[in-house]
Amino acid sequence: MSNLLYFLTTFSAVIPELIYFKRRTYFENKKNQGRHIKGRAIIVSNHISIIDYMMLMFVFFTRKIRCLVASVVYKKNKILNLLLKMCGAIKVERENYNLSFIQKSIDVLNKNKVLLIFPEGKLDNDKTKIRQFTTSYLLLALKTKSPIIPVYNDGNYGFKRRVHCMVGEKIYLEKYIDTDNPSKEQLEYLNKIVMSKIKELKNKTLINIEEDKENRYTFKKFLWDFGRFNIGWIVRAKGLKIHYKDVDKSILKCKKPFIICANHTGFSDPPLIMGVFYRRRMNILAADIIFKNHKIRSYFLEAAGCIPINRESLDYNAIKKSLNALNHNRILTIFPEGKIETEDKLNALKGGAVLLATLAKVDILPIFIKKKTSKKDKFEIVIGPFVEIDKNKVYSLKEVNELTFLLFNQLEVLRKVIDDGKERDIK
């Protein structure tokens, strides 16, 4: 009868689950541990909200899950009290030091059932932090020889939000110690293993969320793709000359991620480079000042792949977005002079572009853009060979500066190609 009440309760909450949780579940290794739990097991999860129990009931919907619940939760209201009893929750009376929950938990596990424990023991306003675990769950696992299923939950509940959780591989404590009566040091050792695993699942969840965002085809991405293809045709229609120095035309079809470093002659430079490499999605670092106080312009700049950067300080958010773009096999365009140069000369380069290349382990493609003197002039650029970055090397600040100076010299060489007119033009 209790099983029937449990599954009826679960079934009646399906619609709220779809509307309020909109849960996205990831698995570290679905073959090792998927949605269905075989035999006895202890689910161990971080604790964000009072509704974590309900959310995990839907994750492992094929099994009845008994949960350890603090007695204070039962006192919140009569409906919650009734629901917890229907779900078979086990009351933990910590204030009275009543340890009867331990024997009840052992009985549940010895019957090959599933137990859910939140070893943090209490809720906290800081959802980003995983607090220290109590060790009672370890004693239960060792006593009953039950595997531990680690779970991370980001607690992102809400009607306009989506909760994410990741189920890890089973942990068998018998692999680490050979006794069911461990010492304090052994418990701390085992606790550290489980906590480290859940923290690892947290990091993997964040990576998967970013991957989901990257793979989701949104209206912004439609504008991005629509824009780059059309800019490609517009640039060519207005007239475009591309010179190649020690490279050939196949560079335009290069499929690896890399950083383009170009001189900055005007506001037409970003769409020009985007039009040349229209086959690939491209991100462009742009001064944050052009995003400010203009929501519509900011929207379309972001849709075009522009990343705002604060040039006055170390902008960690821009660095993170830039590395993310390169990690997703895109091109990143940077104007390392840091400003538009109105005269026909090349200014000293800032080292940020080379630093990003060394962090992301990608090569740098130098491009020189000829400044237009009139509206009738054609767009004219020179593409040089890659400045190669050693993928197995950690670069010092001195070496970053040396590479920046090398890049400057490469751009100077490309500038002379146009000045001397010695290279063959390819339309």
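Within 6.0 Å of CZ on Phe405 lie no more than 12 heavy atoms contributed by other residues, nucleotides or ligands. Under a cut-off of 6.0 angstrom, the local environment of OH in Tyr217 is crowded, with over 12 non-hydrogen atoms contributed by other residues, nucleotides or ligands. Atom CD1 of Ile296 sits in a sparse spot, with 12 or fewer heavy atoms from other residues, nucleotides or ligands closer than 6.0 Å. The number of heavy-atom neighbours closer than 6.0 Å to CG of Asp178, taken from other residues, nucleotides and ligands shown, is 12 or below. Atom CD of Glu214 is surrounded by more than 12 heavy atoms from other residues, nucleotides or ligands within 6.0 Å. Within 6.0 Å of the NZ atom in Lys31, the count of heavy atoms belonging to other residues, nucleotides or ligands does not exceed 12. The number of heavy-atom neighbours closer than 6.0 Å to NZ of Lys204, taken from other residues, nucleotides and ligands shown, is above 12. In Ile340, the CD1 atom is crowded: over 12 heavy atoms of neighbouring residues, nucleotides or ligands sit closer than 6.0 Å.
Here Lys220 pairs with Glu302 in a salt bridge; the nearest charged N to carboxylate O distance falls below 4.0 Å. Between Glu188 and Lys192 there is no salt bridge, since no side-chain nitrogen of the basic residue lies less than 4.0 Å from a carboxylate oxygen of the acidic one. Taking 4.0 Å as the cut-off between side-chain N and carboxylate O, Lys256 and Asp363 count as a salt-bridged pair. For the pair Lys197 and Glu169, the salt-bridge criterion is not met [side-chain N within less than 4.0 Å of a carboxylate O]. A salt bridge does not link Glu337 with Lys350: none of the charged nitrogens is closer than 4.0 Å to a carboxylate oxygen.
Taking the six-membered ring where tryptophan is involved, the planes of His47 and Phe118 are essentially parallel, since the angle between them stays under 30° and well short of 60°. Phe258 and Phe277 have perpendicular rings, their planes meeting at more than 60° on a 0 to 90° scale where under 30° would count as parallel.
Between Lys170 and Asn32, the shortest heavy-atom contact is N-OD1, 3.0 Å. Scanning both residues, Asn347 and Glu341, for their nearest heavy atoms gives ND2-OE1, 2.5 Å. Nearest heavy-atom pair across Gly351 and Thr404 is CA-OG1, 3.7 Å.
Judged by distance alone, with hydrogens and angles left aside, the side-chain atoms of Ser183 form a donor-acceptor pair with the main-chain N or O of Gln186 at under 3.5 Å.
In this structure, the separation between CD on Glu174 and OH on Tyr176 is 11.0 Å, given to the nearest 0.5 Å. Going from atom CD1 of Ile251 over to atom CG of Leu365 covers 5.0 Å, rounded to the nearest 0.5 Å. Distance CZ/Phe27 to CZ/Arg35: 4.5 Å, rounded to 0.5 Å. Taken to the nearest 0.5 Å, the CG atom of Leu349 stands 6.0 Å off from the CG atom of Leu411. A distance of 11.0 Å separates CZ in Arg279 from NZ in Lys255, rounded to the nearest 0.5 Å. Atom CG of Asp288 is separated from atom CG of Asn310 by 4.5 Å, given to the nearest 0.5 angstrom.
Judged purely by distance below 3.5 Å, without hydrogens or angles, the side chains of Thr179 and Asn181 never pair a donor atom with an acceptor atom. In the model, Thr25 has a side-chain atom that pairs as donor or acceptor with a side-chain atom of Arg23 under 3.5 Å. Of the N and O atoms on the side chains of Gln103 and Ser100, not one donor lies less than 3.5 Å from an acceptor on the other residue. In this structure, a donor-acceptor pair under 3.5 Å is absent between the side chains of Tyr152 and Asn203.
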Evaluate the criterion side chain to side chain donor-acceptor pair (under 3.5 Å) for residue pair His164 and Thr205; output intermediate values, then yes/no.
CA-CA 7 Å; His164 304 83; Thr205 301; over 6 Å; no
Let me have the donor-acceptor pairs involving side chains of residues 319-327, under 3.5 Å, with sequence neighbours excluded, atom names and distances please.
residue: Ser322; atom: OG; partner: Ala318; partner atom: O; Å: 2.7
residue: Asn324; atom: OD1; partner: His328; partner atom: ND1; Å: 3.1
residue: Asn327; atom: ND2; partner: Leu323; partner atom: O; Å: 3.1

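The side-chain tip of Lys393 points at the ring of Tyr395 from less than 6.0 angstrom away and within 45° of straight on.
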